[in-house]
Amino acid sequence: MAVRWLCSLFGKPFDGGKRMDHGGPPQHQHPMEQQQQSYNAQHPAMMRLYEVQKQVASLGPQVCTFSGLQNDRDYKRLERELTRLLLDVDQVDTEGKPELQGARKRAAQEVEGLLRYLEENATHPSRVAIEELSNEARQLVDDRVVAPQRVGGVAEINDELVEALQQLVLRLTQVKTEGRVPLRKARYRALTRLCAVQDVVEGRTQQQTLSLPLSGETHEAVNRINQVMVKVSVARSQLVALLMGLSGRDSCAHLSRILTEMQVELDALDVSGNAAIRNYRKQVVEEINGLLKHLDLEGEGDDTRRYELGHNNSIREIENVRAHVSHLREGILRHCAMGDLSFRPKAELQSLLTHLDQVDTAKNPCIREARRRAVVEVQAIVTFLDLREALVCRQPGHTEHPSHRAVWQVLGNLSDLQAQVLGFDGKRVDKNYMILEENLTKQLLSLDAVDPQGDETAKVARKQAVKFAQNILNYLDMKTDEWEY
């Protein structure tokens with residue numbers, strides 16, 4: 001259908017809308033046009049359908065990359081233009097001739113296909129989830145950063161805010177897109193803005209008090225820098241408001257001009273002979289530069305290379321590591337099934353972790369999430385090997401506390417379950433998934449029932465075992481959440 005045909009051309013030179021010579025079909029024809037050519041191409045009905053085809057070719061890429069919602073201006077424009085085309089097709093007089101009726105039907109199907117695709121993406125559950133998370137982030141930033149400074153107060157920027165933003169970023173990266181370009185684009189645009197806000201709130205420079213040499217008086221240049229810092233603080237809140245869509249009157253160009261004026265003001269200060277003040281000024285200038293770089297996000301989501309990551313070099317690196325990890329995992333599980341614990345490629349696994357740590361994410365949140373998941377896969381195997389080794393080397397004495405022995409017994413069960421989880425390759429609807437989840441939950445309940453009886457060692461052991469069981473459950477969830485880049 002038209003949608004599949006048009007979307008396959010996204011990101012390539014578009015041939016469907018080439019100019020026609022002397023009113024005839026383009027040299028590179030769409031399948032529908034080839035069928036139409038068998039009829040008289042100069043027939044008025046055919047000429048009108050060719051005209052509709054050209055407009056469909058023009059609107060198709062716009063529909064296939066539209067990432068907004070139904071109340072967006074572009075959605076309403078595209079819907080209006082496609083509906084008009086549909087009416088135009090309906091008004092084509094076929095004179096009762098089967099060839100013309102077939103051509104008109106195919107043209108109507110193409111337009112209807114684009115309309116459906118447009119509506120499906122704008123109302124898709126994942127698109128709704130992206131919008132809900134964006135609104136949650138917007139509310140958080142407004143409450144903690146923008147609103148306080150709007151009324152002359154101080155923004156609440158602390159570790160709690162940074163952690164809350166990080167959780168929202170994580171939840172956004174896990175929204176499924178089903179490979180749809182509009183959903184990938186919407187997710188990426190939301191993520192880039194939220195990650196930019198994270199960067200802004202984490203990159204603050206604290207005001208300093210630096211005295212004149214041999215004097216308790218604060219250096220005049222420091223007072224001027226501190227005055228600029230107050231302006232930077234206001235600009236930071238304005239930038240956050242712009243990034244999150246909370247600013248009705250400010251613009252990126254206006255804020256860029258203000259920040260540039262601050263740089264000029266700092267450059268004019270005489271700080272010669274005082275390295276500490278020069279360093280302070282340098283920090284403030286760097287912070288201003290950091291704010292300026294985030295003002296160029298307007299067209300960020302339009303670059304397909306940023307959110308279509310199938311051919312991204314960093315993703316390829318990560319996938320190569322994952323393939324290596326999969327090969328090692330199969331070997332480890334095969335040896336363990338035979339009771340052979342000699343195959344322990346921990347050094348190789350550690351080198352893979354080092355490799356992943358060096359992968360360039362280019363501050364792309366989706367690549368960061370892909371790397372994080374690959375790291376979790378490696379760590380799951382490492383912890384499995386460590387526990388197996390600990391179980392083999394364990395030599396309990398007669399004086400071992402009963403609760404401590406009970407924890408170790410659960411750890412033995414968890415080790416067997418972890419082997420099954422590592423080897424599981426199904427979905428959440430599979431019976432084996434439900435059995436694994438149920439058995440892991442039972443082990444958590446068993447740990448909950450262990451009474452340390454005041455023994456500190458048993459307390460610590462139980463706490464670590466609970467964390468270990470929860471990590472296995474989290475890993476099982478991650479393996480089956482069907483996440484894609």
Would you please say whether a donor-acceptor pair under 3.5 Å links the side chains of [X] and [Y]?
X: N135; Y: Q139; value: no
X: Q55; Y: D88; value: no
X: R428; Y: T480; value: yes
X: H254; Y: Q238; value: no
X: Y75; Y: N121; value: no

Would you please name every residue forming a side chain to side chain contact (heavy atoms under 4.5 Å, CB included) with [X], sequence neighbours left out?
X: V162; result: V201, E202
X: R322; result: I318, E319, A374, E377
X: E286; result: K282
X: E160; result: R144, N158

Worksheet item: Which pairs count as salt bridge (charged side-chain N to carboxylate O under 4.0 Å, His left out) when at least one residue sits in residues 258-276, sequence neighbours excluded?
Response: K231-E265
Can you list the residues that meet the salt bridge (charged side-chain N to carboxylate O under 4.0 Å, His left out) rule with [X], with sequence neighbours excluded?
X: D360; value: none
X: E437; value: none
X: E81; value: R77
X: E131; value: R127

Fill in: Where L349 and V378 come nearest, the two heavy atoms and their spacing
O-CG1, 3.6 Å
Worksheet item: With the threshold set at 4.0 Å, does a side-chain nitrogen-carboxylate oxygen contact exist between R373 and E369?
Response: yes
Item to complete: Flag the pair E178 / H124 as yes when at least one side-chain heavy-atom distance between them is below 4.5 Å, and no otherwise.
Response: yes
Kindly list each side-chain donor-acceptor pair under 3.5 angstrom involving residues 462-473, sequence neighbours excluded, with atom names and distances?
| unit_1 | atom_1 | unit_2 | atom_2 | d |
| --- | --- | --- | --- | --- |
| R462 | NH1 | V450 | O | 2.6 |
| N471 | ND2 | K467 | O | 3.4 |

Worksheet, complete the sentence: Those residues at least two apart in sequence (or on a different chain) that pass side-chain hydrogen bond (donor to acceptor under 3.5 Å, both in side chains) with E348 are H324
Worksheet item: Quick one: side-chain hydrogen bond (donor to acceptor under 3.5 Å, both in side chains) partners of E163, sequence neighbours excluded?
Response: Q167
Discussion item. To the closest 0.5 Å, what do you measure between CG (L239) and CZ (R236)?
Written reply: 9.5 Å
